[in-house]
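When reading the values below, keep in mind they use all heavy atoms of this one structure, side chains included, and skip hydrogens, waters and symmetry mates. Quantities reported herein were computed from a predicted structural model and do not represent experimental measurements.
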Amino acid sequence: MSAFLVLVLAGLSHAARAALPVPVMVEPAPNATLYTQHPHFSWTSVCPLLPSVDVEDTVCAEYRVQIATDSTFHTIVVDDTVGAAVARFFPAQPLPRGCLAWRVRTETASLTQASAWSGVQHVCVAEPQRTFNVSQGSTMSAVQATVAAAAAAATGPGGEPVQVLFWPQSTGAVWRLDPAGQTVFLQLANVRDVVLDGQGINITFLGYLTFVQLTNCSGVQVRNFVFDFDPLPYTAVRVLQVQAAGARARVGLEPGHPPLQSSSFFRDQTIGELMDAATRRVKRGGPLIIPVENFTVAVDKPDQYDFQFPSKLDYLAEGDVIVLDPRIYPGYLITDSPGTVLFNITMYACSNECMTSVRSDKHAILQCQLKLQPGRFLAANNGGHNHHSTRIAPWIEGSLFENTGDDNCHVSGLVMSVLQAASSTSMLIHSYDPMDFSTFGVGDVLLFWDFRDGYELGSAQILKMGPVQPAAAAPSQVRPRQRYARVPFVPPALQSGLAAGGYAVAVELETVLPLQGALHPGVIHIGGDLNQTVTQVFVANRTANQFVFRRNRVHNSRRVGVLAKGERALIEDNVFWGLGGGGVELWNAPFEGLCAASYLVRNNLINDTNQLDRVAGPLYVESFAAPAGSAPPARTHCHRAIHLYNNTIHVGPGSSFVLSNAQQLVFRRNTVWRCGTDPQPLITQHNVAALVFAADNVVLNKTEPWLCVK
């Protein structure tokens, strides 16, 4: 904290401090002993979630958190603020071992007025009680045996906190490890308080796999690893000649990339990504996907191929790069494992989406890198993150995410469906994953969404809930899936024991749904064969609430920087640069929903995004329906209370803000650079209520070609 700020805060009058509410500390418990150096801190929410920024500056808008090595706060190790949209905190750097003191207070937006401190509580950060070492030159099986021994020591009545340490590797050394047919490197289940510490080890795998898989764990920390693949899990070719008006092309293999015929993953891939060879990002004005019907190896040159496309691609040009990025294994698969922390992990390649979590509350990703290496086009074959169905969403801070093959970060609640409806208050809820029912119960709120026509049917609290049972779905309802596992995010080894028809629970709702239309019972098929006619069900209490994405850099991803929904989020101090989609987009994917509420998006730089030929904007807010849906009786305002404050946006052409089906949007102190001759308005809106675009926003019209021509 600067000396100036110390003087300002020290000079606050008691009257000023007393005027603001004081939060009550919730987590960690007083005098708790923890084994993570990144504890989760939380307190009661006492400020308005999205306070107005006004000249009087009298409303609390921030929480200040301090952590010190002494109760008098003479030696402060953390002094940070978070916006009032959330009431929690993760330290981005490891806390020192030992007993620490912490406190929290509220402050105004200008940080010139503050409440009294909450009081002081203590937490002790202890060393794990037992250490297991991975010795230099270990085989894959030897590593897994060591991890299994550590897991055994951490489980059962006599379980104790443990850590697994890899040997300190010399600078620049790379451990080339053959997975020997294994599809997971580090795997834990049913353990708590385990640390997996690579101590900076750099591992290149000679086959594709998941780096870390956690199932039903708690308080696991994974830190200080560098991961890569050889061969790469994707491949890339450069267009040498466009033939038959874009129906065919002769292409050449890019240096350092695996031959297309070397793997069935490449041979079976029917869609690709069109990229610019110079910028290593999506081709400006190009499509989201490029269809590939088939290819043959050139007779005269084994590193060249003849591509056949299902239709003429008039946008294809010589020099373009086509990337084939099959979905193979996720980098991290974290399921039902609250308190997981990923710290200081670098990934140069992931063979699917890189970081996936499901029903894993208070998950933190801190100081990590998904980093593009020279000569490459992708760092992840799919998205950078997918985090689903949490009560308390991930906290992602201080990280670098480059060149992902889809959305960089996506948080949501996964869909369920109404299988049968006896009435508007009594029904069966269906999911293919039985664990979905373990995370909600009596008192939780269900949201009902008509995806067919695109509007909210209503919400209701659960009054009674029956046991989980195999669903008696009609054979016609259980359809084969396309390209995806039948139950996404469940490890394949665990899927064989699941009921083919999925699972269902009976619920009694406390109030009659305020239905605007009839329920449409049936089974949702997540993935390639989504049933778009069935009424969708989401749990309001676990749609990735209190999401935090701050101080990150997101470069050159295929689509969106942050795609999010849920109650309460803080997206601040990030850089979004060169993306195919927008910086921040809020919309319901077909099976990942639903709506966003109480979002604070502030102090971000959004530069040269929206490269693709798609409807979107640097900020894009929408709620989707099935393409064949009919006009709903009354489109609802799915999204509400979205505040954009002090963002800088350099993007064009097209509208800077594309808004639909939303209410209570407030834009303050933003600076927007756009093309002065752009025929599109600054704001495109449909079914928007209570939009405030304040006079303190600055719009600058420029004529640079990159702002005016896509």
Side-chain angles (χ1 to χ4, degrees), residues 183-185 203-205 207-213 222 225-236 254 256-258 263 265-266 269 271-275 279-282 288-289 321-334 342 345-358 363 365 367-388 394 396 399-411 483-484 488-489 549 552-563 576-581 589 592 611-612:
T183 59
V184 179
F185 178 48
I203 306 174
T204 294
F205 294 101
Y208 311 135
L209 47 59
T210 291
F211 304 135
V212 177
Q213 180 176 300
V222 185
F225 285 95
V226 179
F227 292 133
D228 200 358
F229 286 116
D230 184 13
L232 294 173
Y234 78 95
T235 193
E254 281 290 283
H257 290 78
S263 170
F265 293 119
F266 306 139
Q269 187 72 4
I271 58 174
E273 179 177 356
L274 191 63
M275 300 192 72
T279 62
R280 306 273 161 164
R281 61 174 67 153
V282 296
L288 176 62
I289 62 172
V321 171
I322 300 174
V323 170
L324 300 180
D325 56 333
R327 277 49 170 162
I328 308 174
Y329 302 110
Y332 295 80
L333 182 54
I334 300 167
L342 305 181
I345 298 172
T346 296
M347 296 143 287
Y348 296 127
C350 290
S351 65
N352 200 328
E353 59 194 28
C354 210
M355 302 177 190
T356 298
S357 70
V358 185
H363 173 26
I365 298 172
Q367 311 297 326
C368 291
Q369 294 188 93
L370 187 52
K371 188 173 183 179
L372 187 71
Q373 288 287 75
R376 300 184 186 182
F377 292 89
L378 287 184
N381 283 20
N382 196 344
H385 306 251
N386 273 275
H387 305 291
H388 304 293
I396 303 171
S399 297
L400 170 68
F401 306 112
E402 294 185 314
N403 291 70
T404 61
D406 203 345
D407 301 319
N408 169 70
C409 182
H410 185 183
V411 297
R483 296 178 54 241
Y484 297 86
F489 317 120
F549 192 89
N552 302 294
R553 291 173 293 152
V554 182
H555 299 160
N556 298 349
S557 292
R558 185 178 194 170
R559 196 162 56 167
V560 183
V562 171
L563 172 57
F576 301 102
W577 197 291
L579 310 180
E592 300 154 316
Q611 303 275 320
L612 292 171

> Is there a donor-acceptor pair under 3.5 Å between the side chain of N552 and the backbone N or O of S399?
yes
> Going from CE on M355 to CG on L342, what distance comes out if it is rounded to the nearest 0.5 angstrom?
6.0 Å
> Are L400 and Q369 close enough, and set up right, to give a side chain to side chain contact (heavy atoms under 4.5 Å, CB included), and what steps lead you there?
CA-CA 5 Å; L400 170 68; Q369 294 188 93; 3.6 Å; yes
> Locate the shortest heavy-atom distance separating V222 from I345; write the atom from each residue and the value.
O-CD1, 3.4 Å
> With no hydrogens and no angle check, is any side-chain donor or acceptor of D407 less than 3.5 Å from a backbone partner on V560?
yes
> Would you say that E592 contacts N386 through its side chain, given a criterion of any heavy-atom pair below 4.5 Å between the two side chains?
yes
> Residues in salt bridge (Lys or Arg N to Asp or Glu O under 4.0 Å) with R281, at least two apart?
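Partners of R281 by the salt bridge (Lys or Arg N to Asp or Glu O under 4.0 Å) criterion, ordered by chain and then number, come out as D608.
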> Quick check against the 3.5 Å criterion: does S557 have a side-chain atom that pairs as donor or acceptor with the backbone of R559?
no
> Heavy-atom distance under 4.5 Å between the side chains of V554 and F549, does that happen here?
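SC-SC contact between V554 and F549 confirmed.
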> Run the side chain to side chain contact (heavy atoms under 4.5 Å, CB included) test on T404 and L370 for me, step by step, so that the C-alpha distance in whole Å, both residues' side-chain angles and the decisive distance to 0.1 Å come before the verdict.
CA-CA 8 Å; T404 61; L370 187 52; 3.5 Å; yes
> Among all residues two or more places apart in sequence or in another chain, which pass the side-chain contact (heavy atoms from CB on, under 4.5 Å) test with D325?
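Result, side-chain contact (heavy atoms from CB on, under 4.5 Å) vs D325: Y234, Q269, E273, V323, R327, L378, N381, R558.
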> Would you name the heavy atoms of Y332 and M347 that are closest together and state the gap between them?
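Here Y332 and M347 meet closest at CE1-SD, 3.3 Å.
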> Does C409 have any disulfide (SG to SG under 2.5 Å) partners at least two apart in sequence or in another chain, and if so, which?
none
> Do Y348 and V226 make a side-chain contact, defined as non-hydrogen atoms from C-beta onward lying under 4.5 Å apart?
yes
> Measure the shortest side-chain to side-chain distance between F205 and F185 over non-hydrogen atoms and say whether it is less than 4.5 angstrom.
yes
> Calculate, to the nearest 0.5 Å, the distance between atoms CD and OG1 belonging to Q373 and T346 respectively.
9.5 Å
> Would you say the side chain of H385 lies within less than 4.5 Å of the side chain of P394, judging by non-hydrogen atoms?
no
> Using atom types as modelled and distance alone, determine if a side-chain donor or acceptor of N403 lies under 3.5 Å from a backbone N or O of R280.
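At least one qualifying donor-acceptor pair exists.
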> ring-ring contact (aromatic ring centres under 6.0 Å, His included) with F211: which of F225, Y329, F229?
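Result: among F225, Y329, F229, F229 is the only option passing the ring-ring contact (aromatic ring centres under 6.0 Å, His included) with F211.
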> With a 4.5 Å cut-off on side-chain heavy atoms, are D406 and E353 touching?
no
> Is a donor from one side chain sitting under 3.5 angstrom from an acceptor on the other, for H387 and S357?
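S357 and H387 do have a side-chain donor-acceptor pair below 3.5 Å.
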> If we only count heavy atoms from C-beta on, is the Y208 to N352 side-chain gap below 4.5 Å?
no
> Which pair of non-hydrogen atoms, one from V321 and one from A236, has the smallest distance, and what is that distance?
CG1-CB, 4.0 Å
> Decide yes or no for I322 and L274: does some side-chain heavy atom of the first lie under 4.5 Å from some side-chain heavy atom of the second?
yes
> Where do P233 and S351 come nearest, in terms of heavy atoms and distance?
CB-CB, 3.6 Å
> Can you tell me how far NE2 of H555 sits from CZ of F401, rounded to the nearest 0.5 angstrom?
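Between atom CZ of F401 and atom NE2 of H555 there are 11.5 Å.
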> Using every non-hydrogen atom in the two residues, find where L372 and E402 come nearest and quote the distance to one decimal.
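It is N-OE1, 3.0 Å.
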> To the nearest 0.5 Å, tell me how far L333 CG sits from C354 SG.
12.0 Å
> Do you know the tightest heavy-atom contact between A349 and R376?
CB-NH1, 4.2 Å
